[in-house]
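Numbers here are sequence positions counted from 1. Predicted model, so just to flag it, every value in this text is computed and none were measured. For ligands, and for the atoms within them, numbers begin at 1 and follow the listed sequence.
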Amino acid sequence: MVKKLNENNLFLSYLLEKKVVVDQALTRYLEDNIPDPPLIFEAVRYSLFAGGKRIRPILCIAASEALGRGGADDYEDILPVACALEMIHTYSLIHDDLPAMDNDDYRRGIPTSHKVFGEDIAILAGDALLTQAFCLMSRADLMTRIDPATRLKAISIIAEAAGMTGLIGGQVMDLKAEGKQAELDTLYQMHNRKTGALILASLQAGGLLAGADPMAMEALMTYGQNIGLSFQIADDLLNVEGDMAVLGKNTGSDASRGKVTFPALLGCDESRKLARRLKDEAVAALSNLDHRAEPLRKLAEFIVNRRS
Ligand code: GRG
């Protein structure tokens, strides 16, 4: 019991430490380029620093660390990509909250971007974040120890995950499925793209920058596919059973919009079991990696048990 508590505290310190590193890097990269007029910078800053958990950048860093790349120089090489992942994720949330999509008033415990800045600036803030992510990953003064072909491959993996075959395609499937019956297979496909693609890309990019061999990459990808889906199931469950005050956004919205979700299709208990099974499969995929993959194992637990 005491050992478990200590392990949990250690992991929470790990998450906090990485979040601070990512937040500092995001501030640095953003302030390298303050635009005129500053309104768009304010809108970007507002959403980027609204208290996100930084799961995707942390997964990217943890994947690289699992392969032995956890030194200070390694951080400098990985942080532009880790921060770009968070920028893309934040853009997707801003756009997802818009009246034309999910029409949400709160995100991360504060009013959504369009509620504060208006729809026009919220759309542009999302666009700016998406563009900025690719500017950041292609900056010649950063990631100087990574060979150009590897960097290009990482950018291409992330671009595909964000694009029509990934996030955007998944979002279109989600919007068009509202109010309709769907099979479990369609739900898997939709969430593998909408939520899973960027999570998988975070692990692939982290592995790639750390020089993963094919076996290690395979392990990271299997882990990524399984936690991507379990992340979405946990999110669906939080929308049914979560505490609004902890979540920082409204609950019950999926049901009222007629969204196709895992709890709607399988019930909460079965969905929870499925999330745990996927988590176990994710952890099992890392069996050939040593103790340096421990944060990834703990992250899988955190993702299915999170309250926000
Ligand atoms: C608009 C192109 C476009 C895509 C939107 C990501 C997405 C697709 C929609 C978000 C809706 C949603 C709640 C999806 C479930 C999974 C998810 C992305 C949850 C939020 O991610 P967290 O928990 O958020 O990592 P924080 O706030 O911690 O960053």
Visitor: Heavy atom to atom 15 (C) of ligand 1, shortest distance: which of Gln232, Lys194, Gln171, Met101 holds it?
Guide: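 When every heavy atom of Gln232, Lys194, Gln171, Met101 is considered, Gln232 comes closest to atom 15 (C) of ligand 1.
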
Visitor: In the protein, which heavy atom is nearest to atom 6 (C) of ligand 1, and how far is it?
Guide: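 Protein heavy atom with the smallest distance to atom 6 (C) of ligand 1: Ser92 OG, 3.3 Å.
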
Visitor: Looking at His95, which atoms of ligand 1 are within less than 4.0 Å of one of its heavy atoms?
Guide: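 Result: 1 (C).
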
Visitor: Between His191 and Phe231, does the ring centroid distance fall short of 6.0 Å?
Guide: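 Not under 6.0 Å, so no.
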
Visitor: Would Arg306 and Glu301 pass as an ion pair if we require N to O under 4.0 Å?
Guide: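 So Arg306 does not pair with Glu301 through a salt bridge.
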
Visitor: Only heavy atoms of Arg108, strictly under 4.0 Å: list the atoms of ligand 1 that pass.
Guide: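 In order of numbering, the contacting atoms are 26 (P), 27 (O), 29 (O).
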
Visitor: Which residue, Asn103, Asp102, Asp104, Asn239, forms the side chain to side chain donor-acceptor pair (under 3.5 Å) with Ser253?
Guide: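 Only match with Ser253 under side chain to side chain donor-acceptor pair (under 3.5 Å): Asn239.
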
Visitor: Run the numbers for me: atoms of ligand 1, each under 4.0 Å from some heavy atom of Gly52, listed by number.
Guide: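 Result: 26 (P), 27 (O), 28 (O), 29 (O).
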
Visitor: Under a 4.0 Å heavy-atom limit, does Asp174 contact ligand 1 with its side chain, its backbone, both, or neither?
Guide: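 Within the 4.0 Å criterion, Asp174 makes no contact with ligand 1.
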
Visitor: Any atoms of ligand 1 less than 4.0 Å from a non-hydrogen atom of Lys53? List them with their elements.
Guide: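 Here the atoms of ligand 1 in question are 22 (P), 23 (O), 24 (O), 25 (O), 26 (P), 28 (O), 29 (O).
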
Visitor: Could you list which atoms of ligand 1 come closer than 4.0 Å to a heavy atom of Leu93?
Guide: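 Listed by number with element, the hits are 10 (C).
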
Visitor: Using a 4.0 Å heavy-atom threshold (strictly under), name the region of Asp96 that reaches ligand 1: side chain, backbone, both or neither.
Guide: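 Both the backbone and the side chain of Asp96 come within reach of ligand 1.
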
Visitor: Does NZ or CZ of Arg45 fall inside the cone over Tyr29's six-membered ring, less than 6.0 Å from its centre and within 45° of the axis?
Guide: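 Ring-cation test returns no.
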
Visitor: Please state whether the rings of His95 and Tyr91 are parallel, tilted or perpendicular, taking 30° and 60° as the class boundaries.
Guide: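 Ring orientation of His95 relative to Tyr91: perpendicular.
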
Visitor: With a 4.5 Å limit on heavy-atom distance, are the side chains of Asp96 and Gln171 in contact?
Guide: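 They are in contact (side-chain heavy atoms under 4.5 Å apart), so the answer is yes.
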
Visitor: Answer with yes or no whether Arg306 contacts ligand 1, where contact means a heavy atom under 4.0 Å from a ligand atom.
Guide: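 True for this residue.
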
Visitor: Scan for side-chain hydrogen bond (donor to acceptor under 3.5 Å, both in side chains) pairs involving residues 150-166, sequence neighbours excluded, and state none if there are none.
Guide: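 For residues 150-166: Asp147-Thr150.
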
Visitor: Considering heavy atoms of the protein only, find what lies nearest to atom 2 (C) of ligand 1 and give residue, atom and distance to 0.1 Å.
Guide: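 Checked against all protein heavy atoms, atom 2 (C) of ligand 1 sits closest to Tyr91 OH, 3.3 Å.
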
Visitor: Within the 4.0 Å heavy-atom shell around Phe231, which atoms of ligand 1 are there?
Guide: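 So the atoms of ligand 1 that pass are 16 (C), 17 (C), 19 (C), 21 (O), 22 (P), 23 (O), 25 (O).
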
Visitor: Considering only non-hydrogen protein atoms, determine which one is nearest to atom 20 (C) of ligand 1 and report residue, atom name and distance to 0.1 Å.
Guide: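 Of every protein heavy atom, His89 CE1, 3.9 Å lies nearest to atom 20 (C) of ligand 1.
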
Visitor: Under 3.5 Å, N or O to N or O, is Asp235 touching ligand 1 that way?
Guide: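 No, since none of the N or O atoms of Asp235 sits under 3.5 Å from an N or O of ligand 1.
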
Visitor: Is the shortest side-chain N to carboxylate O distance from Glu294 to Lys298 below 4.0 Å?
Guide: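 Salt bridge: yes.
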
Visitor: Pairs in or reaching into residues 177-188: which pass side-chain hydrogen bond (donor to acceptor under 3.5 Å, both in side chains), with residues at least two apart or in two chains?
Guide: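 Checked against side-chain hydrogen bond (donor to acceptor under 3.5 Å, both in side chains) - neighbours excluded - the pairs reaching residues 177-188 are Glu178-Lys259.
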
Visitor: For Arg56, is the nearest heavy atom under 4.0 Å from an atom of ligand 1?
Guide: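 Yes.
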
Visitor: Run the salt-bridge test on Lys19 and Asp23 with the 4.0 Å N-O cut-off and return the result as yes or no.
Guide: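 A salt bridge links Lys19 with Asp23.
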
